[in-house]
Structure formats: C-alpha cells, structure tokens
There are 2 protein chains.
Amino acid sequence: MRIGQLARRSGVSVRALRYYEEQRLLESARTPGGQRDYPDEALERVQLIQDLFAAGLSSRTVVELLPCVSTGVATPAMLEQLIIERDRIAARIQDLNRAKKKLGHVIENVTAANVVQD
Amino acid sequence: MRIGQLARRSGVSVRALRYYEEQRLLESARTPGGQRDYPDEALERVQLIQDLFAAGLSSRTVVELLPCVSTGVATPAMLEQLIIERDRIAARIQDLNRAKKKLGHVIENVTAANVVQD
DNA sequence: CGTCACGTTGACGTCAGCTTCAGGTTAGCC
DNA sequence: GGCTAACCTGAAGCTGACGTCAACGTGACG
C-alpha cells in the first residue's frame, strides 16, 4: 500500500505519515524508485498512534512504548512508564469531569431563568 | 493585590497573568505609577480560567464564555457554545477512558508473564 | 537619598504536531 | 515517448500558551 492510500484509510494526512516516520513511530519499505510501501498492519499501527496521541502522550513517549503496546513484551522501565501514563490519563479524566460538571451547572442555571434576549 | 502576589496565590506565572490581560481574560486597575492592582476576586477568576484551559478550551472560547460563567447570564449563542464545549469535553473523556483501558490491558498482560530481564 | 525587590512594555524564543511550499522524481497508462 | 497523478526531500510557516531577555520605571524601607 502506498502512502496516499494509507492516508485515506487512516484519515491521517500524507505529511503526517511522513512525520511519523521521521519520529520513528512508523516504518516503511521502499520501492526501487524510493516510494514508501506499507504492509496492511500499518493501518492498525497508525490508529494506535492516533489513540495514544489523543490520550495526550508525546511522540517521544509513544516511540518508547509502542514496542510493548504492540508486542506485549516490556522491560521494567517500560512498565513503569506505562503506569505513569495510565495514572496521568486517569488524573486528566478527573479534571475533565470537574470542568464538565461546572459547565453543566452553568448551563442549568442559565437555561432556567437568565437567558437574555438579543 | 499586585501581580506577584496573585501569581503566588494562584500558582500561575506573572507572565501568564499579563498574557491573560492581553487576551482580555482578566482586567486590572492600575496604580498611579502604572502597576497592576487586582481585587481579591481576581484569584477566583484566575482559577476559573485555569480550569477552563485545563478542560481544553481555547483562550478565544474562554473570553467569550467567561461573562456568563461568572455572572450566570447568557445569550442564546453563549448557551449553544456552552453546550458544544460540554459535549466536547464529554467526548474527550470517552477517548481518554478508551486509552486508559487499553494501557490497563497492556499493563496486566505485561505484569502477568512477559517482563524481560535486562 | 539610596537601594533593591518588584513592576512595566516590547520583542523574540520554544515546543509539538503538524501544514504549506518549492522543486524535482516515479508509476502507470495510452 | 508523453501525460498526469502520486510521490519524494528539505525548509519554512503556523498555533497557543506561555518563557526569556533587555532596558527601564516604581515603591517601601531605613
């Protein structure tokens, strides 16, 4: 699969995929002419990267953890890092829940009585 | 209260407070000499701003919503925006929960059997 | 009056995850 | 051989929420 097709399938831009490679998040074989050629598994890989990014991990952290996330084999250091990231995510969820609650209260109060006519 | 004290109390840097003013998120009175002078309510205000930033709102959005969040009075457009943001936060929480679950699984599998000795 | 922490503005730097641009190459089809 | 879409690399630009530096003004104390 070439880069354009992977981009369309994954919903990630072509340039972003090349950026992932620069960051060593994603490998590619090359055609004799030098064009990138991806195996089918690359699609899952890209989606995994997206998930981890979406969870707020940096590319540096992702590059460190990708091996064990996809293979299930980890060094003690990796395991520690995994736990740190999971806890960070959990804390972030707490924050977001607080903010959501706050906005929810505002919405309730506002809808109840105080909508200003324009 | 001057800017340094507000910074220490709120845990936000002096630079950040001036940035908030630039972005029209925070007002200040001025001493005859031109130094910023904040009322006590500024502390709550700063904390509110931090909460909204932490929830992923942009300063542009915060500046639009701050009036109604602090006063409880909103236009229909503000109300719509509030709901959009709350839903965005809720979606984000979903994402994070998925990522957390995924990392949790990896951690379990890894701790169970596959820790590699260094 | 000096002094020194604290304050002021303005401009530039930073970081991450890209996008955009420029200038050139490859692949596949007729 | 020629056309066009798709691809390549390298470099510059972008956004947002500040950090950092320079050069200078303020204010409380003794």
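A, B, ... follow the sequence lines: proteins, then strands. Residue 1 opens every chain.
Whole-Å rounding puts the B:Q5 CD to C:dA5 P distance at 18 Å. Across the protein-nucleic acid pair, A:D37 atom CG and C:dT26 atom C1' stand 13 Å apart, rounded to whole Å. Whole-Å rounding puts the B:R18 CZ to C:dG7 P distance at 8 Å. Residue A:Q35 contributes atom CD, which lies 8 Å from atom P of C:dT26 at whole-angstrom precision. Put simply, CD on A:E22 is 10 Å from C1' on C:dC18, counting in whole angstrom units.
If A:Y20 and A:P32 are placed on DNA chain C by their nearest nucleotide, the residue sitting closer to the 5' end is A:Y20. Between B:R15 and A:E21, the residue anchored closer to the 5' end of DNA chain D is A:E21, taking for each the nucleotide with the nearest heavy atom.
Looking at A:E27 and A:Y20, their side chains never bring a donor and an acceptor atom within 3.5 Å of each other. Between the side chains of B:Q50 and B:S10, no donor-acceptor pair is found at a separation under 3.5 Å.
Less than 4.0 Å separates DNA chain C from at least one heavy atom of each of the following residues of residues 53-61 of chain A: A:F53, A:L57, A:S58, A:S59.
A salt bridge is defined here as a Lys NZ or Arg NE, NH1 or NH2 lying under 4.0 Å from an Asp or Glu carboxylate O, and A:R88 with A:E85 meets this definition.
Residue-level contact check: A:R36 touches the backbone only, with heavy atoms under 4.0 Å from sugar-phosphate atoms and none from bases. B:R30 comes within 4.0 angstrom of the backbone, heavy atoms only, and of no base. Using a 4.0 Å heavy-atom cutoff across all strands shown, B:R2 reaches sugar-phosphate atoms only and no base atom.
Contact footprint of chain B on DNA chain D: nucleotides with an atom under 4.0 Å from a non-hydrogen protein atom, first to last in 5' to 3' order, D:dA17 to D:dG27.
Within a 6.0 Å sphere centred on CD of B:Q5, other residues, nucleotides and ligands contribute more than 12 heavy atoms. For CD of A:E44, the number of neighbouring non-hydrogen atoms (other residues, nucleotides, ligands) closer than 6.0 Å is 12 at most. Counting non-hydrogen atoms of other residues, nucleotides and ligands closer than 6.0 Å to CD of B:E80 gives a total of 12 or fewer.
When atom types are taken as modelled, the side chain of A:D37 and the backbone of A:R30 share no donor-acceptor pair closer than 3.5 angstrom. A donor-acceptor pair under 3.5 Å is absent between the side-chain atoms of B:R24 and the main chain of B:R60, judged by distance alone.
An OP1 or OP2 oxygen of C:dT26 is reached within less than 4.0 angstrom by no side-chain nitrogen or oxygen of A:T31.
In terms of heavy-atom proximity, B:V110 sits nearest to A:A74 at CG1-CB, 3.7 Å.
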